[in-house]
Amino acid sequence: MSIVPFDQREGVIWMNGEFVPWKDAKVHVLTHGLHYGSAVFEGERAYGGEVFKLTEHTQRLFDSAEMLDMKIPFTVAEIDAATRETLKRQGFTDAYVRPIAWRGSEMMGVSGQSNKINVAIAIWQWPSYFDPAQLEKGIRLDIAEFRRPDPMTAPSKAKAVGLYMICTISKHKAERKGYADAMMLDWRGRVAECTGANIFFVKNGEIHTPTPDCFLDGITRRTVIGLAQKRQIKVIERAIMPEELAGFEQCFIVGTAAEVTPVGEIGPYKFTVGDVSRMLRTDYLNEVQPKKKAA
C-alpha cells in the first residue's frame, strides 16, 4: 500500500499563529529541538468533529513545556481555539491531532535560552493504531530491553520528544520479531507501560495497573479508570513485577492512539480477551463521542 509521506500531504498546518500550506510547514536543519530534543508534544483525537478532552491535552502540553524550561508564547485558550479551527479547515470529523512546541534555531549549543519557542498544530486522518483483525484475539507484545528511566535522570512527567527515543527502538525490535508493540519495565525492573500506551491487567474481576511514578499518567488512562469505577470494578494502582503476569487473566493497553486495545500475549505470558477488556473498550468508544446537546 502506498503511503503519502507526511511532508507531502495536503491541507494546512497552524504554525506560530498562522495557517500555512502543509508542504511549507518547515524548520531549519539547525533547529535546537532537532539537535537537543528540546521539544514537547501531544497526541489527541477528534471524534465527530470534537477533540476529546482538548483542554486537558493542551494544559499538559504547557506543563511539559514548563518542565523543559520552555514558555509557550500563547495561552491554553488560544491553542484550543487554533486546534478547533485547524480541524475545521482540514475538513475532518474523525482525525488525529498533533500539537508540538520546540526551541528554534537562534542559538546552537546545549544552552538555548534565547531561542524562540515555536508551536505548530497538524491534523490528519489516522485509522486504527493496530490491525483491527488482531483485536478479537488481542495483540502480541514483546518485552523491551530498554527501561523507563529513574525520574531523577529525566523529566518523566513531561511528554517530551527525547523520552520516546527508547520507545522507537523498542517498537522497531518488537515489530521485527512479529510483535505489535513492546512492554517496558522501569529502572527498578517493575512493569511500566508500552512504548506509547499505559497497561492494565485483570484478575478475579479486579483491575491492576502500574503506579505512574516514572512515566505518563495518561489522559486515556485516567478516563478508563473512571469508566471502570463507574462499572463498580475495583482498580488497584501498585507496583507490578513481571513474574506476576503469569497470574493475570486479561490484559489491555490504553492511549489516545491505541484507545482500548486487548492484549493476547506478552512474551511467554498468555491472556484471554475477556468481558472486562471488551466492556471497557466499548465504554471508551462511547465516551469519546460528542454528547448531544439538549434542545
Side-chain angles (χ1 to χ4, degrees), residues 4-28 31-34 37-106 112 114-127 129 157-164 196 216 218-220 222-223 255-257 259 287-291 293:
V4 179
F6 272 88
D7 62 346
Q8 296 297 313
R9 300 195 175 198
E10 300 298 327
V12 295
I13 289 177
W14 185 90
M15 195 167 182
N16 293 327
E18 299 179 349
F19 288 97
V20 300
W22 189 287
K23 297 174 185 177
D24 295 336
K26 301 179 184 295
V27 297
H28 195 273
T31 298
H32 198 277
L34 176 63
S38 51
V40 295
F41 70 100
E42 277 297 311
E44 307 163 12
R45 269 191 189 268
Y47 298 88
E50 294 183 18
V51 179
F52 183 63
K53 296 195 172 181
L54 172 59
T55 301
E56 285 188 43
H57 279 286
T58 303
Q59 184 60 59
R60 188 171 67 178
L61 180 75
F62 278 67
D63 294 343
S64 294
E66 184 177 358
M67 291 179 216
L68 268 65
D69 197 29
M70 297 164 55
K71 182 172 176 56
I72 294 177
F74 298 94
T75 66
V76 169
E78 287 172 332
I79 296 300
D80 279 356
T83 301
R84 293 188 180 101
E85 182 61 23
T86 306
L87 180 63
K88 180 180 176 181
R89 293 195 182 207
Q90 287 296 87
F92 302 144
T93 54
D94 298 324
Y96 187 80
V97 182
R98 172 55 58 87
I100 184 167
W102 70 96
R103 286 193 176 92
S105 53
E106 290 74 19
S114 297
N115 290 46
K116 175 182 176 180
I117 305 303
N118 300 273
V119 186
I121 303 166
I123 298 178
W124 63 90
Q125 290 179 300
W126 197 10
Y129 190 55
K157 296 298 182 182
K159 197 169 176 68
V161 298
L163 294 175
Y164 283 79
L216 284 181
I219 291 172
T220 307
R222 295 198 297 268
T223 300
T256 296
E259 298 175 313
E287 180 72 13
V288 298
Q289 294 301 322
K291 304 300 184 288
K293 297 179 176 62

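For reference, positions follow the sequence shown, starting with 1.
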- prompt: Can you name the closest pair of heavy atoms from Val27 and Trp102 and give their distance?
  reply: CG1-CZ2, 3.4 Å

Side-chain donor/acceptor of Arg45 to backbone N/O of Thr256, under 3.5 Å: yes

task: Look up atom CD in Gln289 and atom CG in Asp94, then write down how far apart they are to the nearest 0.5 Å.
output: 6.5 Å

message: Quick check: closest heavy atoms across Ile79 and Phe74, and the distance to 0.1 Å?
response: CD1-CB, 3.9 Å

- prompt: Under 30°, 30 to 60°, or over 60°: which ring-plane class applies to Tyr96 and Trp124, parallel, tilted or perpendicular?
  reply: tilted

message: Looking at Lys23, is its backbone amide N or carbonyl O close enough to the side chain of Gln8 to form a donor-acceptor pair, meaning the two atoms are under 3.5 Å apart?
response: no

- prompt: Within the side chain of Thr75, is there an N or O that forms a donor-acceptor pair under 3.5 Å with the backbone of Glu78?
  reply: yes

query: Under the side-chain contact (heavy atoms from CB on, under 4.5 Å) criterion, do Phe19 and Arg89 qualify, and how do the steps go?
result: CA-CA 9 Å; Phe19 288 97; Arg89 293 195 182 207; 3.5 Å; yes

- request: Indicate the atoms forming the closest heavy-atom contact of Trp22 with Val12, along with that distance.
  value: CE3-O, 3.7 Å

task: Indicate the atoms forming the closest heavy-atom contact of Lys157 with Ser64, along with that distance.
output: O-OG, 4.5 Å

- prompt: Taking Glu106 for the side chain and Lys116 for the main chain, is one N or O donor matched with an acceptor at less than 3.5 Å?
  reply: yes

Tyr164 vs Lys159, side-chain contact (heavy atoms from CB on, under 4.5 Å): CA-CA, chis, key distance, verdict: CA-CA 9 Å; Tyr164 283 79; Lys159 197 169 176 68; 2.8 Å; yes

query: Would a 4.5 Å heavy-atom cut-off, applied to side chains only, mark Val119 and Pro73 as touching?
result: yes

- prompt: Are Leu61 and His57 side-chain neighbours, meaning at least one heavy-atom pair lies under 4.5 Å?
  reply: no

- request: Mark yes or no for whether Arg103, through its side chain, and Thr31, through its backbone, hold a donor-acceptor pair below 3.5 Å.
  value: no

- request: Determine the sole option in Lys53, Arg98, Arg60 for which the salt bridge (Lys or Arg N to Asp or Glu O under 4.0 Å) test with Glu42 is passed.
  value: Arg60

Rounded distance [0.5 Å steps], CD1 in Ile121 versus CD in Glu44: 8.0 Å

- prompt: With sequence neighbours left out, what residues match Leu87 under side chain to side chain contact (heavy atoms under 4.5 Å, CB included)?
  reply: Ala46, Val51, Phe92, Ala95, Ile123

message: So which atom in Ala25 and which in Ile13 form the shortest heavy-atom distance, rounded to 0.1 Å?
response: CB-CD1, 3.9 Å

- prompt: If you take all heavy atoms of Pro290 and Gly48, which pair is closest and at what distance?
  reply: CG-O, 3.8 Å

